[in-house]
Amino acid sequence: LQSVAYSALPIDQATVPGLDASTNDLKCFLKGSLLSCCLSVLEGSVEPVLPRRMLGFFELRNIEAQIIQCGALLGFCSQAMEHQCRSRAQFKGRQKLYDVLTTRALGKRFAPGWQDAILGEMLSYYILLLNFREWDPAGRVSDSIGNMARSNPRLSAFLERHVLDVEIVRQSQDFGAGSIVERVFFPVEPAVVDLTHTRDFRTKTSEFMCDVPRANPHEKARAFLRKLVMIGRSVQWMTINLRSPIRAFVIRRRDVLDVVPLWIAMVITLCILLFYGVPVDPNTGQVLAHGKFYSEDEIPGYVDAVYPFANETSDPTGIGMMYSTIHAQSDLSLKFRLKMVTRWESVDEWRLWPAGKYLLWVLAGLHVLMTLVNACIYLTQDLPLVIFETYDRQRQRQQQSLTTVSENEDEDGFEREKRENQNGKEAPDKMHTVFTVTVIKELLRDTRYACYLAFMLILSVLGFVSSPFFFVFSLIDYFRLPDGMLVLQAVITGGPNLARSFILGMLVIVCFGFYSYSYFSLTINEQQMVCHTPLQCVSKHILDAVTGDLSTVLGDDFGDFAFPAMVLWEDSWEAWRTSFVFASLIFWVFLLQSIIQGQIIDAFAEMRSRRTAALKDLEDKCFVSSIDRFVFNAYPGEWEKRRGGQYAWHYILYTTYLFGKSREEYTGLENAVSEAYSTGNISFLPIERLVSKQREDTS
């Protein structure tokens, strides 16, 4: 144990001659290489003979001591520091300082970047213990891990969080069934763990679990694989961005940055509603008439009053005499309605709160800034992934085309030449043309969010330069939030049925409009004076039908559309008109409007039932293997890590681990999984298979 432990070095042994490293660095490299060899030997073990022999060869207390030593170097085994630090940020800051002080005090003389090497060694030791625990029926390894957790709880929590496992199907003819399910342990970088625990990333990546098909496990696995590749690349790209402090802050706070423009727009809109355009009495400096309303018309509850400062006006016996006439002249926004004048330059509209104009102007500038920041975040973080996904889809299509061409290479040469002559150009040139058109279409479809951000930025700039009223239109950004997306998704879900019902309703209204023009023109013109041409009558029918019914067209000012005939055969005209309007009420108000409203309600109900079914499926089945919950009752501890789709996160992090690893360092199993990602092969996923059940069946 002493030979592999890290010891203090004198200054003359700080570096090995010819190498920019000390003997402690060489020890770390040697132990890491040996651990990789041991894990490679354990890979693919089906029979327990070899793992148990290796377990008997190693001393568990030595492995535990090595893990604790690495944890002490990284600052996880300082009890004094654990009690002093109350928050995670405070702990991280003191941890870095503790690392530097400990390393200098002990004189280990590590080379720069030693923390990553020590961290990798510690995680490899822990992975070795976990592999041994799989083949330890006596439970000695579990006892060793439990003792380490009791003596060093912070170190144990760190290890459990940064070492995860997945079940992978290994394809090989060496096994009787042609394949086995193997549990693979892998390390996770701390930056990736911190990224995947942010609220924004958790919310976005959890949505896909409710969007995959549920009926067929293989269809669900294919959809899951597509999401795995996409999310894995996203995590890898974000991990690269985490190296910059500014980008790291943006990634961790992106959920807040996304809603800041909406909250600013809400504040500006509220201030405009409360303080903008309020008439101020120049004689008192307060709100005109103390906010009371006066009208020249005889409205119940409103009585006109004499303006007490009439002598101060230019027309004391006319316009300035009564409050009602003063109110009629106090429409301060009228001068802006017919000419392009910036509302920021006005003085009268801001007279109630002059300082508010400058406050809102500052908020407007902040809104422009935050909208621009969100646009830059999308351009630097999301858009590269969108372009890469488009390119990758085209690459897969091109590979499939080349595979199809290679399968048809045994065709007769004369027939192939004849077909090429008929097409007028060779296959590669045609493929290139299809490639260009396809990529342009997909880019336009996938970058529609960029167009939305550009539109919101234009609104924000117009609000800052021309009028704060443009920020009111920015409130449509609410539909980008989860609640707004729910409403928008309901409209999209019920869109086809709503469109069909709306078309049917318009056809019925157009028919009633033409019949009204044909048979009731005299009544309409004499009583209502609402339309004189077919286009005018049909348009009036459509507008009134949307807001109410046809009684406003064929009735009087109060909507009384008919007077029933006293004797049917003596006054058939009134009876016919009454029946006509009654039929329109039945078709539009009671049937079509109710159908449209019911379809909207059904869309929400369908979405709710779909999500409820997805959540129930996550609670009753393993998301990855599609095995029912009751099967896991025979294997303690298995269902707890799979409940609610938690095990799918392991595969997401495993994908990130593979994407961040060099292909030259892949093991045989990792290389097979990487190829499956590229080809879309789901054979490595344990569909309806389980490691524990496989071992039980084998034994």
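In this structure, Leu228 CG and Thr656 OG1 are separated by 9.0 Å, a value rounded to the nearest 0.5 Å. Between Ile67 atom CD1 and Leu129 atom CG the span is 4.5 Å, to the nearest 0.5 Å.
Checked against a 6.0 Å centroid threshold, the rings of Phe185 and Tyr126 do not count as neighbours.
Annotation: side chain to side chain contact (heavy atoms under 4.5 Å, CB included) contacts of Phe29 (sequence neighbours excluded): Ser33. Residues passing the side-chain hydrogen bond (donor to acceptor under 3.5 Å, both in side chains) test with Arg222, sequence neighbours excluded: Glu219. A search for side chain to side chain contact (heavy atoms under 4.5 Å, CB included) contacts involving Asp620 returns Lys616, not counting sequence neighbours. For Lys621, the salt bridge (Lys or Arg N to Asp or Glu O under 4.0 Å) criterion is met by no residue, not counting sequence neighbours. Scored by the side-chain hydrogen bond (donor to acceptor under 3.5 Å, both in side chains) test, Arg480 finds Tyr449, Asp477 as partners (sequence neighbours excluded).
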Checklist entry - Passes side chain to side chain contact (heavy atoms under 4.5 Å, CB included), Glu167 versus Val624? Steps please. => result CA-CA 9 Å; Glu167 294 184 359; Val624 179; over 6 Å; no
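Checking side-chain atoms of Ser156 against main-chain N and O of Asn152 turns up no donor-acceptor pair under 3.5 Å.
Among pairs with a residue in residues 132-148, those fulfilling salt bridge (charged side-chain N to carboxylate O under 4.0 Å, His left out) read Glu134-Arg183, Glu134-Arg695, at least two apart in sequence or across chains.
The side-chain contact (heavy atoms from CB on, under 4.5 Å) test with Phe186 is passed by exactly one of Val163, Asp165, Leu653: Leu653.
Salt bridge annotation for Glu638-Lys693: absent, with no cationic side-chain nitrogen under 4.0 angstrom from a carboxylate oxygen.
Side-chain polar atoms of Ser179 and Arg689 form a donor-acceptor pair below 3.5 angstrom.
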